[in-house]
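Below: the structure, in structure tokens.
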Amino acid sequence: MDLSGHSALVTGAGRRLGRAFAEGLAARGAAIAVHYGGSAAGAEAVARAAGRLGRPALALQADLADPSQATSLVERAAAGLGGLDILVNSAAIFEPGGLLETDLAAWERHLSINLTAPFLLSQAFARHRAGRPGAIVNLLDWRALRPGADHFAYTVSKAALAAMTKSLAISLAPSIRVNGLALGAILPPEGEPRDPEQILERLPAGRWGTVEEAVDALLFLVGGSDFVTGAILHLDGGRQLA
Ligand SMILES: NC(=O)c1ccc[n+]([C@@H]2O[C@H](COP(=O)([O-])OP(=O)(O)OC[C@H]3O[C@@H](n4cnc5c(N)ncnc54)[C@H](OP(=O)(O)O)[C@@H]3O)[C@@H](O)[C@H]2O)c1
């Protein structure tokens, strides 16, 4: 896949999966805006490495809990790269807690970062594209399509993001394609004392997915068939069925 001539903004790209998505896009030739919240060193390293590959690249800080910072991020990226035609909404928070443990602050935090920020970024991106082609990928979770009781606020935020993915696909067709990538167990959450072996018991595939598989799936949604829009691709080893 050759993405040279394209420019991408990846949110939450200073570490973990967002970083791998940014590196994967840059490796295929895209110019890259590497957004971060607190992971400045990681984001700057990604931008420097992309620069060494000859790609225009910059690291941009924004707190996505702040609507004005989320809204202005697209124009900052477009100004820095000379345009933007790919948006990957990867930044998110994932806090534990069922219904009774979820206080209003946690609820609002999840909705603002996981749902309102992708909404504002997508709206700003659509305005920037002004009818020209583009692609948006929203990072989802198998829980989005099969909500349960755990991670209550997170799950509801991702379920709403799955619904928004489809509404955006219709709203922005035919110029901008909008798809969702619903991940299962790829990287264990930081700071959550869960045994990776225990998760395997509920995984039909019998193994964790790899970061490379997640990057490949993202690249397909970004640069594969332009007949694919409004789709939600599950990369979850069958978890949503189990
Ligand atoms: N890991 C998995 O196996 C898995 C499974 C299912 C779904 N997913 C989804 O895939 C995506 C990436 O997953 P991940 O595990 O790599 O995520 P992660 O480790 O939780 O990273 C979260 C990212 O979001 C950014 N972020 C959080 N709050 C922010 C804020 N207020 N402002 C700006 N940035 C903020 C962080 O940026 P800074 O570090 O710069 O602050 C960080 O880069 C997420 O949408 C997640 O829900 C992942």
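Order of listing sets the numbers, starting from 1, for every ligand and every atom in it. Worth saying up front: this structure is predicted, and the values here are computed from it rather than measured. Note that the numbering runs from 1 along the sequence shown for the chain.
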Exercise. For atom 36 (C) of ligand 1, grab the closest protein heavy atom and report residue, atom and distance to one decimal in Å.
Key: Arg15 NH2, 3.9 Å
Quiz item: Does the side chain of Ile176 come within less than 4.5 Å of Leu168's, by heavy atoms?
Solution: no
Quiz item: Is there side-chain contact between Leu25 and Val88, with at least one heavy-atom pair below 4.5 Å?
Solution: yes
Quiz prompt | Of the listed options Leu73, Leu140, Ile199, Asp141, closest to atom 9 (C) of ligand 1 (non-hydrogen atoms) | solution = Leu140
Practice problem: Provide, to 0.1 Å, the distance between atom 4 (C) of ligand 1 and the closest protein heavy atom, together with that atom's residue and name. | Solution: Gly184 O, 3.9 Å
Quiz prompt | Options Ala13, Gly18, Ala185, Gly38, ranked by nearest heavy atom to atom 41 (O) of ligand 1, top entry | solution = Gly38
Practice problem: Taking only heavy atoms of Asp63 into account, list the atoms of ligand 1 that are under 4.0 Å away from them. | Solution: 30 (C), 31 (N), 32 (N)
Practice problem: Would you mind telling me if ligand 1 is within reach of the side chain of Tyr154, the backbone, both or neither, using heavy atoms under 4.0 Å? | Solution: side chain
Quiz prompt | Under-4.0 Å heavy-atom contact with ligand 1, by part of Glu190 that carries it | solution = neither
Self-check item: Partner of Leu17 under side-chain contact (heavy atoms from CB on, under 4.5 Å), chosen from Val215, Leu183, Leu139
Solution: Leu183
Quiz item: Would you say Leu187 and ligand 1 have an N/O pair spaced under 3.5 Å apart?
Solution: yes
Quiz item: Tell me, which protein residue and heavy-atom name are nearest atom 19 (O) of ligand 1, and how many Å apart are they?
Solution: Arg16 NE, 2.4 Å
Practice problem: Look at ligand 1 and say whether Arg19 reaches it with a heavy atom at a distance under 4.0 Å. | Solution: no
Quiz item: Between Phe94 and His151, how do the two ring planes meet: parallel, tilted or perpendicular, split at 30° and 60°?
Solution: parallel
Quiz item: Looking at side-chain heavy atoms only, is the closest gap between His110 and Phe152 below 4.5 Å?
Solution: no
Exercise. Any atoms of ligand 1 less than 4.0 Å from a non-hydrogen atom of Ala65? List them with their elements.
Key: 31 (N)
Practice problem: Using side-chain contact (heavy atoms from CB on, under 4.5 Å) as the criterion, point out the one residue from Lys158, His234, Gln240 that pairs with Leu145. | Solution: His234
Quiz item: Mind checking whether Leu183 has an N or O less than 3.5 Å away from an N or O of ligand 1?
Solution: no
Self-check item: N or O pair under 3.5 Å between Asn89 and ligand 1
Solution: no
Practice problem: Answer whether the closest heavy-atom distance between the side chains of Arg146 and Arg239 falls below 4.5 Å. | Solution: yes
Quiz item: Going by the order shown, which atoms of ligand 1 are within less than 4.0 Å of some heavy atom of His35?
Solution: 33 (C), 34 (N)
Quiz item: Any idea which atoms of ligand 1 are less than 4.0 Å away from a heavy-atom of Ser90?
Solution: 11 (C), 12 (C), 44 (C), 45 (O)
Quiz item: Taking all atoms of both residues into account, what is the closest heavy-atom pair of Leu219 and Met1, and its distance?
Solution: O-CE, 3.2 Å
Practice problem: Indicate, as side chain, backbone, both or neither, the part of Lys158 found under 4.0 angstrom from ligand 1 when only non-hydrogen atoms are considered. | Solution: side chain
Practice problem: Taking only heavy atoms of Tyr36 into account, list the atoms of ligand 1 that are under 4.0 Å away from them. | Solution: 40 (O)
Practice problem: From atom 29 (C) of ligand 1, work out which of Asp66, Leu17, Ile113 has a heavy atom at the shortest distance. | Solution: Ile113
Quiz item: Side-chain heavy atoms under 4.5 angstrom apart, residues restricted to Ile, Leu, Val, Met, Phe, Trp, Tyr: same cluster for Tyr154 and Leu99?
Solution: no
Quiz item: Name the one of Thr229, Asn138, Asn89 that satisfies side chain to side chain donor-acceptor pair (under 3.5 Å) with Thr165?
Solution: Asn138
Quiz item: Counting heavy atoms only, which of Leu64, Val211, Thr11 comes nearest to atom 30 (C) of ligand 1?
Solution: Leu64
Quiz item: Which ligand 1 atoms does Ile93 reach within 4.0 Å, using its non-hydrogen atoms?
Solution: 27 (C), 28 (N)
Exercise. Would you mind finding which of Ala62, Ala20, Ala92 brings a heavy atom closest to atom 27 (C) of ligand 1?
Key: Ala92
Exercise. Number the atoms of ligand 1 from 1 as they appear, then name those within less than 4.0 Å of a heavy atom of Ile186, with their elements.
Key: 3 (O)
